[in-house]
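This report concerns only the one structure given below.
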Amino acid sequence: MSSNVTIRLTLDSSAVSRQKPSKDEDWGLNESALVLTIFDVGAVKAQLDTLDCEYQDRSIKSFSGTFRLIELYTLDPLNNTIVFANKPAFPSLLETPLSGPGSVEDAAKKMGKCKKIGVLTSGGDAPGMNACVRAVVRYGISKGCEIFAVYEGYQGLVDNGIKKMEWKDVRGYLAMGGTNIGTARCMPFKTREGRLQAAENLIKNGIDALIVCGGDGSLTGADLFRSEWTGLNEELLENGRITQEESEAYKHLTIVGLVGSIDNDMSSTDITIGAVTSLHRICEAVDSISTTALSHSRAFVVEVMGRHCGWLALAAGIATGADFVFIPEKPPVEDNWADTLCAVAHRHRQLGKRKTVVIVAEGALDKNLNPIKADDIKDILSERLGLDTRVTTLGHTQRGGSPAAFDRILATIQSVEAVDAVLNSTPETPSPIIGMSNNQVTSGPLMKAVKLTHEVAEAIGKKDFARAMDLRDPEFADQFDAYTATTILDDESMLLPQHRRLRVGIVHVGAPAGGMNAATRTAVRYALNRGHKPFGIYNGFPGLAQGSVHELTWIDVDGWTHRGGSELGTNRAVPGESVDMGMLAYQLQKFNIQSLLIVGGFEAFSSVINLEKAREQYPSLNIPIALIPATVSNNVPGTDFSLGSDTALNAIVDSCDAIVQSARSSRRRVFVVEVQGGRSGYLAVEAGLASGASTIYIPEEGVNLARLQSDSRHLMAMYMDDASDKSEGRIILRNETASKTYTTDVISEILKDEGHALFDSRTAVLGHIQQGVNPSPMDRIRATRLAKCSIDFFEEHTSAALERAYANNEPVPIELSNATESAVVTGLSGVSVTYKPVTELIAVTDMKNRKPLDAWWMVHRPLVDLLSGRGLFTPQAQATLSHAKK
Ligand code: ADP
């Protein structure tokens, strides 16, 4: 045999002489086997034929239909099996190992660029901390850094619990809750002596940068540590604990903060890592409680975490349709808040509700700073309203479980930014904190963020609640107003004058998407609060053409917040294409619909365009029309997010976690998972990032042979690099329209074929599972906000015509608005709600491929491959390596 032979597995050391197996037995199943991976199994077969040796062979059918020999089994003199397996002919791939000699890290070290970065998680654990560690480790390594995990938070710094991390150490981290590197409350770090010890350990380990993921306490500690660094360094030198060279080499410490906190209580970021997952847990609990509350007609008071921050309580209140919430930053304005609570609960009961849910943050206060406790609320509801009331304290369930898709993505993109911040920092740069503002990753001064965060508690202490609200992110105040306007103030205090009241039609268009019902519920209830009459149009535009229009009452939409699918019934038919426009105009006029709210996806967008175009022809279409984007594909122009897309991401990520587990448990297997998205790669990119896919296929890039070859080579390299006794599962996500030729089955067959004996391949088409069962909390909250704003939009665009008619004592006109600005997409742009006229959006839309021309999420695309190890095999990585070798 040639020198190309590589031994993959070693001989079972217990190999003994065995009875010769019969020819009918599968020799491959022999317990004692030596496996040799070689380049040409065919040559071995020819040799064995010449020697007249017995053997068994295994061939696989290639995609073209021909059979190819991949394995040979023969017996040694002791009757142990010798396996010859085909080795793929890509030896060069293995020249760039993930770590150790010859790796990218090694290359960077030789070039003098290697930074040694410590990563720690501290304070209360938060789901997504593991995703942070994974991204810091992998992105850091890809940049040629050495990454060290500091175990048990600051305690690991003090006790020298520091371990170098390799690429493979963080495998599977994305799906895990809590923090695998541990966290602790560390009292010694609060003392200078403790921090001195921590500094010594850092210097002795050669670490010159720290990425700290924690809450405001941890980041306060980080900031203090960095501000003291020069003094600590000098003291260590004076005491002889470090050498002069060490003191010189570690003059500066770089610190970057990542906010891991379930409370969402940090200033300078719109959202913290872990808060959304915690909200998932709360909503699951409240949804479950709701069914028992409904059955027994009970009241439940649910206490959620949040000492100084009411984000979780407020967000949960919106997402579960709770009757009342209590938060620290915005206490009830009345002294007698118990009266208000009872009035609201009583009103809702009178309207026909069988359950009452009150959500209270653990730090809730009245306006005189007296705590409002769950038990007090229970007593009030029981004694004054006679409600059978129970208290549920959710406690630590809120911290647990696998992170939601949102937190996995947030943690990943922020950690990448944190590593970049380390690499770009200079001794003069102040320590940054990585945040999120307007759907963009940001980097701002850590010290300022910590100071502002402490100011919230101080403002509350001084009863300056306006200031406390100001210090929260802008969405918080908006959400509070939306909640109050749609829930608490349903007491006729918000009624418009008679002549301004409208008849509002609501229709669902396209495929079902999580949040459609939540949007409809808010639209109905808010419309009723304002004195409007909401009408449900059943079964989309065909339903409207048939006059399937019914008035909706407050109680009709009860419980819709957490229901998936479409309660009104949805239909893909587009006006003017598959439904007669004249008939629609007739029905709108017949029912005197004065504003039309459409909830749906790209068909709904096309519908608004067609309705707007037909306005000249049909007077009854001259009414404000607003589209709330709702589609799993997130392909409606005029919004960053459509309803249903977050629910779909979570459904995909949950499925992928299960698939990876199955793949790993059975054998070395790659699953090609087909996801929806139409001609938009949004779901594949974001779910790929959140589930740690090896790569993704999206329509924006297409698929070709070169790409498939390179991907199969990458997978082979990864499987070759795995420990031989481990069976790893991997996934690839393929958007349903990525390629006409390379279907999910074709790709899987090619991989199976190319994978030789290294790995197997299977497919999983997720299909309608992606619509999810219950909408995610994010979708429910987005739905509430967009629906409230759409009703506001209708009022604004009808006020001129209605006031004019009223002033002139004329009948209300059919045509209330024909301006192009009154046919819009009500969308989310960062944290703001925007109304973008469809006539303007056409210019930024790829109508043929049914998606916006611009896709903000494409910036995440390269990270999917990079974090799965592919970046290490790119030409750039190879170039770095060869440059370093010179
Ligand atoms: P969180 O980071 O979740 O707010 P803590 O407030 O408990 O949690 O802080 C976590 C750890 O951060 C503490 O146990 C301590 O080691 C460190 N820390 C907090 N505040 C300070 C401080 N002012 N000075 C030094 N270290 C601190």
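Ligands are counted one by one from 1 in listed order, and the atoms in each one are counted from 1 as well. This chain uses plain numbering: 1 for the first residue, then up along the sequence.
- Using modelled atom types and a 3.5 Å distance limit, the side chains of Asp270 and Asn439 yield no donor-acceptor pair.
- Polar contact check, Ser218 against ligand 1: a nitrogen or oxygen pair lies under 3.5 Å apart.
- In this structure, Tyr250 has its ring center no closer than 6.0 Å to that of Trp229.
- At the top of the distance list for atom 25 (C) of ligand 1, counting protein heavy atoms only, stands Gly221 CA, 3.6 Å.
- For atom 5 (P) of ligand 1, the nearest protein heavy atom (residue, atom name, distance) is Arg185 NH1, 3.4 Å.
- Contact of the Val358 side chain with the Val302 side chain is not registered, since no non-hydrogen atoms from C-beta on lie closer than 4.5 Å.
- Residue Ala184 places no N or O, backbone or side chain, under 3.5 Å from any N or O of ligand 1.
- Counting heavy atoms under 4.0 Å from ligand 1, residue Asp216 touches it through both backbone and side chain.
- Listed by atom number, the atoms of ligand 1 under 4.0 Å from Gly123 heavy atoms are 1 (P), 2 (O), 3 (O), 8 (O), 10 (C).
- Distances from atom 13 (C) of ligand 1 to the heavy atoms of Ser261, Cys213, Cys186, Gly217 show the closest one on Cys186.
- Side chains of Thr179 and Asp125: a donor-acceptor N/O pair is absent below 3.5 angstrom, by distance only.
- Ranking the protein heavy atoms by distance from atom 11 (C) of ligand 1 puts Ser122 OG, 3.7 Å first.
- By the criterion of a heavy-atom distance under 4.0 Å, the side chain of Tyr154, and not its backbone, is placed next to ligand 1.
- Closest to atom 23 (N) of ligand 1, if we only count protein heavy atoms, is Thr220 CG2, 3.7 Å.
- Proximity to Phe189 (heavy-atom distance under 4.0 Å) selects the following atoms of ligand 1: 16 (O), 25 (C), 26 (N).
- A salt bridge is defined here as a Lys NZ or Arg NE, NH1 or NH2 lying under 4.0 Å from an Asp or Glu carboxylate O, and Glu228 with Arg195 meets this definition.
- The Leu224 neighbourhood of ligand 1 comprises atoms 24 (N), 25 (C), with distances under 4.0 Å to a heavy atom of that residue.
- In this structure, Gly124 counts as a contact residue of ligand 1, since one of its heavy atoms falls inside 4.0 Å of the ligand.
- If you check the side chains of Arg408 and Thr277, you find no donor sitting under 3.5 Å from an acceptor.
- Centroid-to-centroid, the aromatic rings of Phe189 and Phe225 come within less than 6.0 Å.
- Ring centroids of Trp856 and Phe641 are separated by less than 6.0 Å, placing the two rings close together.
- Using a 4.0 Å cut-off between a side-chain N of Lys or Arg and a carboxylate O of Asp or Glu, Lys164 and Asp169 do not qualify as a salt bridge.
- Residue contact check: Gly215 has heavy atoms under 4.0 Å from atoms 1 (P), 2 (O), 3 (O), 4 (O) of ligand 1.
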